[in-house]
Amino acid sequence: MRINGFGCCVLVTLTMSAGGACASSGDAWQEFATEVQSRCETAARTSVEFPRAVVDPFGSEHYGMAIVTGKPKGANGFVSYFCVYDKQTKSVELGSEIETGRMRLLPEE
């Protein structure tokens, strides 16, 4: 396949732009994951001592997602909550409490 001078310039420009986009999108995804983690842990603090969120690094098209785990306030053991972060409104909702033992998942102590 032959590429003329103009086509070559377009190809080089697109390749260089894609490299920059990958770098900035990596930073953007990290910022997104940090935001989801922060918002989900904050939401869980009303029910959980020292909540820790494990974040899906990308989420779905419309939502960020995490699992938040911690010690329930005033009780023993560990519980987890599914946390959903609306990418558009930036609101957070927690699902109902799940005993962590049922998920066979315990946080590091």
Where is the tightest heavy-atom contact between V36 and G64, given as atom of each residue plus distance?
CG2-CA, 4.2 Å

Heavy-atom nearest pair, L94 first then C40, reads CD2-O, 4.5 Å

Any side-chain heavy-atom pair of [X] and [Y] under 4.5 Å:
X   : Y   : result
V48 : V79 : yes
S47 : Y81 : yes
F82 : I98 : yes

Determine yes or no for a side-chain-to-main-chain donor-acceptor pair under 3.5 angstrom, with [X] supplying the side chain and [Y] the backbone.
X   : Y   : value
E41 : A53 : yes
S38 : T34 : no
K73 : R45 : yes
K87 : S60 : yes

Once rounded to the nearest 0.5 Å, what's the spacing between atom CZ of R52 and atom OG of S80?
12.0 Å

Heavy-atom neighbours of E49 CD exceed 12 at 6.0 Å:
yes

Any chance OH of Y63 has more than 12 other-residue heavy atoms, nucleotides or ligands included, within less than 6.0 Å?
no

Using the test side chain to side chain donor-acceptor pair (under 3.5 Å), find all partners of Y85 that sit at least two apart in sequence or belong to another chain.
none

Does the side chain to side chain contact (heavy atoms under 4.5 Å, CB included) test come out yes or no for C83 and V92, once each step is laid out?
CA-CA 7 Å; C83 178; V92 172; 3.3 Å; yes

Quick one: do Q88 and H62 satisfy side chain to side chain contact (heavy atoms under 4.5 Å, CB included)? Show the steps, please.
CA-CA 7 Å; Q88 185 173 12; H62 300 285; over 6 Å; no

Applying the 4.5 Å side-chain criterion to the ILVMFWY set and letting contacts propagate, would F58 and V55 be lumped into a single cluster?
yes

